[in-house]
Amino acid sequence: MAWIRRVRTASGATAVQIAESVGGRRRIVAHVGSARTEAELGLLMVRARELIADPGQGELELGIDAVAPKAALVGPAGDAALFDVEGSRERSPLVAAPRVVATASRVLYEVLVSVFTSLGFDAVGDRVFRDLVIARIVEPTSIRDTGRVLIDLGRKPASEKTMRRSLARAHEGAYRDQVARLCFAHATGSGDVSLCLYDVTTLYFEADKEDDLRKVGYSKERRVDPQIVVGLLVDRHGFPLEIGCFEGNKAETLTLLPVIRQFQARHQITGMVIVADAGMLSATNLRELDDAGLGFIVGSRTTKAPIDLESHYRWHGDYFTNGQTIDTITPRTGVNRDNDPALKTEPVWNPQTHTSAWRAVWAYSTARAVRDNKTLNAQEAKTRAVIAGDKTTRNPRFVTTNGDARTLDEASLTRARKLVGLKGYVTNIPHTVMSPSDVISNYHDLWHIEQSFRMSKTDLAARPMFHHTRAAIEAHLTIVFTALAVTREAQTRTGLAIRNVLRQLRPLRSATLTINGAIQTFPPEINPEQQAILDALTQANLRH
């Protein structure tokens with residue numbers, strides 16, 4: 001039979017081991033750990049009892065409450081430490097062994113609350129809402145299961161009904177407006193919002209039927225479930241500033257202006273630059289942004305290159321050097337003659353003279369050309385397989401259909417080959433204000449908002465959504481929006497992804513024990529790496 005053995009080590013600690021007798025000889029089965037305090041000893045004893053417990057052995061219900069076992073905790077003569085020394089003749093009276101009542105990751109909860117508070121979000125004045133935000137960061141789950149997460153964090157949770165009432169208050173009390181104002185104050189206090197990034201995503205529902213908000217539309221996850229479209233505006237570092245919710249079948253281009261106007265009206269902003277990908281490239285969006293006095297940088301579709309670079313192709317052919325940039329103009333709509341191919345020099349965009357064109361910057365990358373060619377080769381091979389009847393696919397690229405006959409569209413493939421390696425950017429910012437390299441660099445900051453969306457979908461599990469009413473959906477987005485701000489700030493302070501912060505700090509569990517009839521709480525031992533993270537998270541409100 002196995003038993004728990006405690007022995008004093010050479011360093012003065014108490015080792016907890018599991019031992020057994022085999023053929024009259026004692027054998028150490030496992031070394032559980034070494035303790036230097038009563039709290040550590042209690043935890044190791046509980047762990048040792050769990051290891052030797054037989055899960056297949058049942059227990060008789062005798063109606064008798066379990067009593068903490070007695071243990072002799074002794075040390076050398078004159079030593080105040082309560083540790084047993086094997087073979088010692090002097091023993092202290094038997095006392096109840098330390099018994100673990102509960103453990104909790106309270107350190108993690110407290111540091112996340114400190115970040116929440118440093119952003120000013122406690123001004124909302126709703127502790128239940130704060131707990132929902134913290135739980136969403138630590139372990140995203142349903143409202144019903146959120147209580148378990150909060151208990152694990154050492155927080156007494158509100159009832160499920162109270163949590164649902166907090167969702168209603170979040171919508172009716174305009175919590176999102178308050179949080180958005182606080183996010184703006186934080187962003188302007190530690191940086192600036194002269195350049196903001198915008199993008200959209202879709203969040204789907206586990207639902208069968210559509211309604212006024214949840215509709216089937218173009219899904220970024222390629223799903224056919226009802227969804228909503230979410231527009232997010234962040235600063236150049238990815239810190240959230242504004243969020244908008246739209247019907248699931250709304251076109252992406254129609255979401256940009258409402259979110260920007262909402263942001264302007266809330267903060268009385270007149271001058272700023274909006275950066276967005278090519279999905280926002282619509283004549284209406286660009287015209288209205290320009291009319292509102294806002295600058296913009298958006299991605300251009302590669303198919304526009306033959307028009308924008310007509311002069312270059314005439315004078316230089318399709319030859320480009322790695323890193324080459326061409327600063328020219330692009331028609332606002334259709335085709336115009338502002339860019340005269342008879343002139344070798346590219347036109348310099350002027351808002352007063354080129355009223356029917358925008359500024360366009362094109363860049364060539366050899367690495368991008370290699371990737372593009374690889375993609376085109378795969379598409380050509382697939383097209384030829386379809387033409388040969390070896391493969392069936394819907395609407396293959398580079399296929400011309402004439403009746404039942406299919407042929408390879410050589411002209412389209414040749415045009416595509418001429419455009420490999422090119423990336424275009426459209427802007428209304430003159431070259432005297434922003435150089436081509438700055439235009440490209442600012443556009444490439446879009447990875448920050450893409451990262452924010454990935455965080456909201458994975459780390460914060462914003463999808464799938466199980467809410468049904470618009471009020472609950474909007475409240476859910478408010479929690480995700482607030483949690484995103486807290487996680488972004490935590491990542492900025494530590495330089496670590498939020499999942500790595502949680503991996504380091506969640507194992508830090510405070511232990512509540514009963515020792516000699518008294519209840520005591522012991523903080524966890526913190527290693528230097530964990531301490532550095534804690535120091536970074538609790539520092540003064542410094543972001544950049």
Side-chain angles (χ1 to χ4, degrees), residues 112-126 129-130 133 136-137 169-171 173-201 230-246 255-276 280 288-289 292-297 442 445-446 448-453 455-456 460 462 474-493 498 539-544:
L112 289 178
V113 168
S114 72
V115 177
F116 182 96
T117 303
S118 70
L119 293 172
F121 294 160
D122 54 338
V124 173
D126 189 332
F129 173 79
R130 180 193 65 189
V133 171
R136 172 65 50 179
I137 297 171
R169 289 195 302 271
H171 180 65
Y175 285 8
R176 190 187 301 173
D177 293 341
Q178 299 180 58
V179 171
R181 292 189 183 94
L182 292 166
C183 286
F184 178 79
H186 180 71
T188 54
S190 54
D192 67 82
V193 294
S194 60
L195 185 141
C196 294
L197 317 173
Y198 180 81
D199 203 356
V200 298
T201 192
V230 178
L232 180 65
L233 186 72
V234 303
D235 71 3
R236 68 176 69 220
H237 303 286
F239 189 77
L241 298 172
E242 197 76 37
I243 193 170
C245 176
F246 304 91
T255 66
L256 172 64
L257 292 173
V259 173
I260 299 301
R261 288 171 181 152
Q262 179 175 292
F263 179 75
Q264 285 187 285
R266 191 192 305 280
H267 307 296
Q268 305 302 310
I269 296 293
T270 55
M272 57 188 293
V273 177
I274 306 298
V275 181
M280 301 298 111
E288 295 199 21
L289 287 173
L294 301 177
F296 61 78
I297 302 173
N442 286 324
D445 282 340
L446 277 175
H448 289 293
I449 192 168
E450 292 168 357
Q451 183 186 59
S452 292
F453 271 136
M455 289 167 58
S456 66
L460 304 178
E474 294 279 7
H476 174 76
L477 288 180
T478 299
I479 290 175
V480 171
F481 180 71
T482 309
L484 180 59
V486 175
T487 54
R488 266 296 184 182
E489 178 66 11
Q491 290 190 176
T492 299
R493 293 184 181 186
I498 189 64
Q539 68 178 351
N541 191 18
L542 300 174
R543 292 187 60 234
H544 310 309

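For clarity, every value in this text was computed on a predicted model and none was experimentally measured. Just so you know, these numbers use all the heavy atoms, side chains as well, and skip hydrogens, waters and symmetry mates.
Taking a cutoff of 4.0 Å between a charged side-chain nitrogen and a carboxylate oxygen, R130 and D122 do not qualify as a salt bridge.
Interatomic distance, CD of E288 versus CG of L294, reported as 11.0 Å (0.5 Å rounding). Distance check: E242 CD to Q264 CD gives 11.0 Å after rounding to the nearest 0.5 Å. Going from atom CD1 of I274 over to atom CD1 of I260 covers 3.5 Å, rounded to the nearest 0.5 Å. Note that the CZ atom of R136 and the OG1 atom of T482 stand 11.5 Å from one another [nearest 0.5 Å]. Between the CG atom of L484 and the CD1 atom of I479 there is a distance of 13.5 Å, given to the nearest 0.5 Å. L182 contributes atom CG, which lies 13.0 Å from atom OH of Y175 (distance to the nearest 0.5 angstrom).
Every residue two or more places apart in sequence or in another chain that forms a side-chain contact (heavy atoms from CB on, under 4.5 Å) with H448 is listed here: L197, D445, R488.
Closest of all the heavy-atom pairs between A187 and D235 is CB-OD2, 4.0 Å. Among all heavy-atom pairs drawn from A483 and I137, the shortest one is CB-CG1, 3.8 Å. Here the closest non-hydrogen pair linking Q178 and V124 is OE1-CA, 3.7 Å. A pairwise comparison of heavy atoms in C183 and A485 identifies SG-CB, 3.9 Å as the closest pair.
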Check against side-chain contact (heavy atoms from CB on, under 4.5 Å), I269 and F184:
CA-CA 11 Å; I269 296 293; F184 178 79; 3.7 Å; yes
Stepwise side-chain contact (heavy atoms from CB on, under 4.5 Å) check, F239 with L119
CA-CA 12 Å; F239 189 77; L119 293 172; 4.2 Å; yes
For the pair V200 and F246, evaluate side-chain contact (heavy atoms from CB on, under 4.5 Å) and give the outcome as yes or no after the intermediate values.
CA-CA 10 Å; V200 298; F246 304 91; over 6 Å; no
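Looking at F121 and V133, their side chains never come closer than 4.5 Å, going by heavy atoms from C-beta outward. Contact annotation: the side chain of H267 approaches that of R181 to within less than 4.5 Å [non-hydrogen atoms, C-beta and beyond]. For the pair I243/V259, no side-chain contact is recorded, criterion being any heavy-atom separation below 4.5 Å from C-beta on. At a threshold of 4.5 Å between non-hydrogen side-chain atoms, the residues T492 and H237 do not count as touching.
Each of V273, V193, D192, L446 was checked for a side chain to side chain contact (heavy atoms under 4.5 Å, CB included) with R236, and the lone residue meeting it is D192. A side chain to side chain contact (heavy atoms under 4.5 Å, CB included) with Y198 holds for exactly one of T255, L241, V275; it is T255.
The closest donor-acceptor contact from the side chain of S118 to the backbone of V115 lies under 3.5 Å.
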